[in-house]
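Chain letters run A, B, ... following the sequence lines, proteins first and then strands; every chain starts at 1.
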Protein chains: 2
Amino acid sequence: MPRQVDQEERRRRIADAVCALTEEGGLEGVTLRDVAVRAAISLGAVQRCFRTKEEMLLFAVEAVGGRITARVRARLTASPAQSAATALGHAAGEVALVRAEHRAEARIWLAFLAQAAVSPPLAGHLRTGYAALQGLFARLIEEAAAGGTGAGLDPEREARTLLALADGLTAQVLVGHLTERAAEEVLDAQLARMWAGPSGP
Amino acid sequence: MPRQVDQEERRRRIADAVCALTEEGGLEGVTLRDVAVRAAISLGAVQRCFRTKEEMLLFAVEAVGGRITARVRARLTASPAQSAATALGHAAGEVALVRAEHRAEARIWLAFLAQAAVSPPLAGHLRTGYAALQGLFARLIEEAAAGGTGAGLDPEREARTLLALADGLTAQVLVGHLTERAAEEVLDAQLARMWAGPSGP
DNA sequence: CCCGTACCGATACGCTCGCATCGGAAAAAG
DNA sequence: CTTTTTCCGATGCGAGCGTATCGGTACGGG
């Protein structure tokens, strides 16, 4: 068998390049040529890994989504001794890509989100990520409710609320309407109110 | 004086064409040629109205933002007899472009939002729209608090919360993660909880 | 040693983009 | 009717895009 190349590692490198370019100039700033330069390989190699540009972008968005949920999970297992309520706070804080060090990921996510609004296959991949996060949130809320904090809450609905709020905050920080500080304050207040009093009729 | 043309009316027609195209294929599906076709004028005429493409897009986003806030205001003045609390409910419902008939505007808004993350001038125009809506929300909340409903709330923070939540819900409905029904339920529950109990430490 | 094969990099192609240019049509003034 | 001024629509241009192709290259098995 002739020479072999680690395709997976190469794909990961390409995905990283896609993210870097998306962060700088949006999704329309991502060209195959620039990706090749950023990944330090040739255009031909990029085309060997992904037959079309769309295929490449789908792989990249999956990578980003996975990275975000992985980070959330890591944050949870890193501080296991606390209550489910504080764990949810940490998780929500990670999902709202508000902090400066995650600004890049936020830009990437928003770019893919907008594209997904007009590209059904992309939307499918995004939904997968959203569903995972919502499920995670719901489980934490349920756990907290079982522990006595915030009993009477509808876990699914609260999870949806938090996820949407985190997304909206991310976007508004990105365009500069909210400061990082204000967004965190909003999120904290929402969590506090959640635990304080059950909602619903 | 030689022949004169109503430039303003033409600009509005062009903005409408931009919106229609954005709705169909995202912002990158908007080309000067297609805009000209949609507006039923020639490419030369488009270039006469706007010196560059960016100038055209800025005008369009301003038009969309204005239309949304105008719709919210209209909704408020249309049902003046009710309390500030229900008025806020209506306003938030309009901002969260959840209903099917506003799906188009939602797509447009999201497209511009993503672009704004990498284009400072565009971000500026968006901020204007956000500030107007947040101010409106804050005023309504304050009014309701003065009337006794939901006293003790921080109007600015609640306004920010509602706006971010509405934005996030819009996006998640758009990618199909939430149904229109679920989004409305989340929004209603949030409003109910707001009036029920003050937040904060 | 060498040969077959999997990979690579360069180049070409067809297309579309934003933008600039220019001859002519149309309308008010004389 | 002629002139003058404003606007319009067609065409051209250079650049950049995604994609296809092909000769060269290097490696592992015989």
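The side chain of B:Arg10 places an N or O atom within less than 4.0 Å of a non-bridging phosphate oxygen (OP1 or OP2) of D:dC8. The shortest distance between the side-chain N/O atoms of B:Thr31 and the OP1/OP2 oxygens of C:dC17 is below 4.0 Å.
Of all the residues in residues 16-23 of chain B, not one reaches under 4.0 Å from DNA chain D with any non-hydrogen atom. Against DNA chain D, the stretch residues 110-118 of chain B makes no heavy-atom approach under 4.0 Å. The stretch residues 50-62 of chain A has no heavy atom under 4.0 Å from DNA chain C, so no residue of it qualifies as close.
At a threshold of 4.0 Å, the pair A:Glu24-A:Arg38 counts as salt-bridged, since one of the basic side-chain nitrogens sits closer than that to a carboxylate oxygen. Using a 4.0 Å cut-off between charged side-chain N and carboxylate O, B:Arg71 and B:Glu105 make a salt bridge. The pair A:Arg13-A:Glu9 meets the salt-bridge criterion, with a side-chain N (NZ, NE, NH1 or NH2) lying under 4.0 Å from an Asp/Glu carboxylate O. Note on B:Arg67 versus B:Asp16: salt bridge recorded, some NZ/NE/NH1/NH2 to OD/OE distance being below 4.0 Å. The pair A:Glu94-A:Arg73 does not meet the salt-bridge criterion, since no charged nitrogen lies less than 4.0 angstrom from a carboxylate oxygen.
At least one donor-acceptor pair under 3.5 Å links the side chain of A:Arg11 to the backbone N or O of A:Cys49. Judged by distance alone, with hydrogens and angles left aside, the side-chain atoms of A:Thr170 form a donor-acceptor pair with the main-chain N or O of A:Leu97 at under 3.5 Å. The closest donor-acceptor contact from the side chain of B:Thr22 to the backbone of B:Val18 lies under 3.5 Å. Between the side chain of B:Arg107 and the main chain of B:Glu23, a donor-acceptor pair closer than 3.5 Å is present. At distances below 3.5 Å, not a single donor-acceptor pair connects side-chain atoms of A:Ser119 with backbone N or O atoms of A:Ala116.
A:Leu32 comes within contact range of at least one nucleobase, with a heavy-atom separation under 4.0 Å. Within 4.0 Å (heavy atoms only), B:Val30 reaches sugar-phosphate atoms of the nucleic acid but no base atom.
Both B:Arg48 and A:Arg48 lie close to DNA chain C; mapped to their nearest nucleotides by heavy-atom distance, the more 5′-ward contact belongs to A:Arg48.
As rounded to whole Å, 15 Å separates atom C1' of C:dG18 from atom CD1 of B:Ile14. Rounded to a whole Å, the CD atom of B:Glu28 is 16 Å from the P atom of C:dT16. Atom CD in B:Gln47 sits about 8 Å away from atom C1' in C:dG18, given to the nearest Å. Between the C1' atom of D:dC8 and the CZ atom of B:Arg13 lies a distance of 14 Å, rounded to the nearest Å.
Considering only heavy atoms from C-beta on, A:Phe50 stays 4.5 Å or farther from A:Leu57 through its side chain.
Not counting sequence neighbours, A:Gln47 has no partner by the side chain to side chain donor-acceptor pair (under 3.5 Å) test. With sequence neighbours excluded, no residue forms a side chain to side chain donor-acceptor pair (under 3.5 Å) with A:Glu55.
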task = Please test B:Glu185 against A:Arg157 for salt bridge (charged side-chain N to carboxylate O under 4.0 Å, His left out), starting from the C-alpha separation and ending with a verdict.
result = CA-CA 8 Å; B:Glu185 189 190 317; A:Arg157 189 172 62 194; 3.7 Å; yes

Between the protein and nucleotides 12-15 of chain D, which nitrogen or oxygen pairs are less than 3.5 angstrom apart?
none

